[in-house]
2 protein chains.
Amino acid sequence: MAFISSLTDHIERYIKALLDQAGQGGLEIRRTELAELFECVPSQINYVLKTRFSSERGYIVESRRGGGGYIRIFRLEPQHPQGICSWIRQTIGESIDMGEAEALLVRLLDHNYLSRKDAVLIRSLLAEETEQLKPAHAGRVRAILLRSMLILLLQGS
Amino acid sequence: MAFISSLTDHIERYIKALLDQAGQGGLEIRRTELAELFECVPSQINYVLKTRFSSERGYIVESRRGGGGYIRIFRLEPQHPQGICSWIRQTIGESIDMGEAEALLVRLLDHNYLSRKDAVLIRSLLAEETEQLKPAHAGRVRAILLRSMLILLLQGS
DNA sequence: TTGACTTTGACCTTATTTGACCAAAGAAAT
DNA sequence: ATTTCTTTGGTCAAATAAGGTCAAAGTCAA
């Protein structure tokens, strides 16, 4: 951890300032332009994106190659207090059984992060999609499914 | 947000706007005229049709050469007797690759079943959760995930 | 002096744009 | 009826324009 600002820190701050201006809808940049602005190699930009704008940190990055290529950066506004989403990611982990999943749903329901209707739907989708899987595999699929559905509901529009 | 747009993107938007106006019945264009309008070579139009108006994305394109030649474009409504969710289940099936998934998302976006933000989130979750899986397995997980997320959004509260 | 973080560069993948050449369908001429 | 333009649209591959990956080399604090 450097005390003085590294190039990476500067680029990070620059992008975050742009995001502040951009508001909703996200921000679009060209990798080469940004690299020229900071007089660095283009792959430096990828490093900044990977280390500072990861989904764990609440960002989504999409990009396209070729003519008309771009990099888009979206900041997920935490509309629910504290880091509920990172807590969910932590709690679910690699694999989760039905009992743990149920307990998690109940907690989210209790705290009104989830509507009753959505909880019912999630239960039935979890059951439907894992019923024919071998238990060990079912746990991993359940984790992926539950994590994605919850994050989608909590962050989506 | 000022979208970066390639020529292809502009032509795509132009055709989609024409289709919106045209309603049922489809739309007829002259390849050469369109090419002149956008000051490009005629084969550019074929490229746009191939990449943006594929049957995977829900379009039908027919054409005829010679004097009085034309290109007709029809947009298909996603339709299933049991409703959009059944249509989605059927379309996704047991396994789906990223290209098919993207086509489905674009199609739902085109028909306003999905918000832009939700589409971005879904894309990112699909990528994140399948990136370390072997391709064959990734396809099945992607199918499960995409199906669940879409149904959750379309049926939920 | 080691370990984590950063910086660089060589090489790779993908999307778009262009142009030369091909094929079909109607129109005109024989 | 058949052949020969003329008018369209189709195909494909090369050139161009992005962005991605990965590992080696460099830095810096503990």
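The analysis underlying the following values was restricted to heavy atoms, covering all of them including side chains, and did not include hydrogens, waters or symmetry mates. We name chains A, B, ... by the order of the sequence lines, and we start the count at 1 in each one. The shown structure was predicted, so the numbers you read here are calculated from the model rather than taken from an experiment.
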Asker: For B/Glu131 and D/dG20, what is the distance between atoms CD and P respectively, to the nearest whole Å?
Answerer: 14 Å

Asker: Applying side-chain hydrogen bond (donor to acceptor under 3.5 Å, both in side chains) as the test, list every pair that has at least one member in residues 130-145 of chain A; sequence neighbours left out.
Answerer: A/His137-B/His137

Asker: Less than 4.0 angstrom from a charged side-chain N to a carboxylate O is my criterion; do A/Arg52 and A/Asp9 meet it?
Answerer: yes

Asker: Between atom CZ in A/Arg30 and atom P in C/dT16, what is the gap in whole Å?
Answerer: 12 Å

Asker: Quick check on C/dT16: is either OP1 or OP2 less than 4.0 Å from any side-chain nitrogen or oxygen of A/Arg64?
Answerer: yes

Asker: Just to confirm, is there a sub-4.0 Å distance from OP1 or OP2 of C/dT16 to any side-chain nitrogen or oxygen of B/Arg52?
Answerer: yes

Asker: Under 3.5 Å, is there any donor-acceptor pair linking the side chain of B/Ser43 to the base of D/dG9?
Answerer: no

Asker: Could you state the CD-P distance from B/Glu62 to C/dA25, rounded to the nearest angstrom?
Answerer: 13 Å

Asker: Using OP1 and OP2 only, check whether a side-chain N or O of A/Ser6 sits under 4.0 Å from D/dT27.
Answerer: no

Asker: Check the distance between C/dT7's P and A/Phe38's CZ and give it to me in whole angstrom.
Answerer: 12 Å

Asker: Going by modelled atom types, is there a donor-acceptor pair between the base of D/dT8 and the side chain of B/Arg31 at under 3.5 Å?
Answerer: no

Asker: Please classify the nucleic acid contact of B/Ile45 as base, sugar-phosphate, or nothing, using heavy-atom distances under 4.0 Å.
Answerer: nothing

Asker: When we call it a touch if two heavy atoms are under 4.0 Å apart, what does A/Gly66 touch: a base, just sugar-phosphate, or nothing?
Answerer: base

Asker: Separation of B/Arg65 atom CZ from D/dG10 atom P, in whole Å?
Answerer: 7 Å

Asker: With axes from five pairs an end, tell me the bend angle of the helix from C/dT1-D/dA30 to C/dT30-D/dA1, nearest 10°.
Answerer: 0°

Asker: A/Arg89 vs B/Glu128, test: salt bridge (charged side-chain N to carboxylate O under 4.0 Å, His left out). Steps then yes/no.
Answerer: CA-CA 12 Å; A/Arg89 286 177 198 274; B/Glu128 192 179 343; 2.7 Å; yes

Asker: Test of understanding: clusters of I, L, V, M, F, W, Y form through side-chain heavy atoms closer than 4.5 Å, transitively. Do B/Trp87 and B/Phe74 belong to the same one?
Answerer: no

Asker: Can B/Glu56 and B/Arg107 be counted as an ion pair, charged N to O under 4.0 angstrom?
Answerer: no

Asker: Are A/Ile84 and B/Leu152 connected, step by step, through hydrophobic side chains (Ile, Leu, Val, Met, Phe, Trp, Tyr) whose heavy atoms are closer than 4.5 Å?
Answerer: yes

Asker: Mapping A/Val41 and A/Thr51 onto DNA chain C by nearest heavy atom, which one lands closer to the 5' end?
Answerer: A/Thr51

Asker: Can you tell me how far P of C/dA23 sits from CG of B/Asn46, to the nearest Å?
Answerer: 16 Å

Asker: Do you see a donor-acceptor pair shorter than 3.5 Å between the side chains of B/Thr8 and B/Gln44?
Answerer: yes

Asker: Check whether any side-chain nitrogen or oxygen of A/Thr32 sits under 4.0 Å from OP1 or OP2 of D/dG19, and answer yes or no.
Answerer: yes

Asker: May I have the distance from B/Tyr47 (atom OH) to D/dA17 (atom P), rounded to whole angstrom?
Answerer: 15 Å

Asker: Could you state the atom-to-atom distance from CE of B/Met98 to P of C/dA15 in whole Å?
Answerer: 12 Å

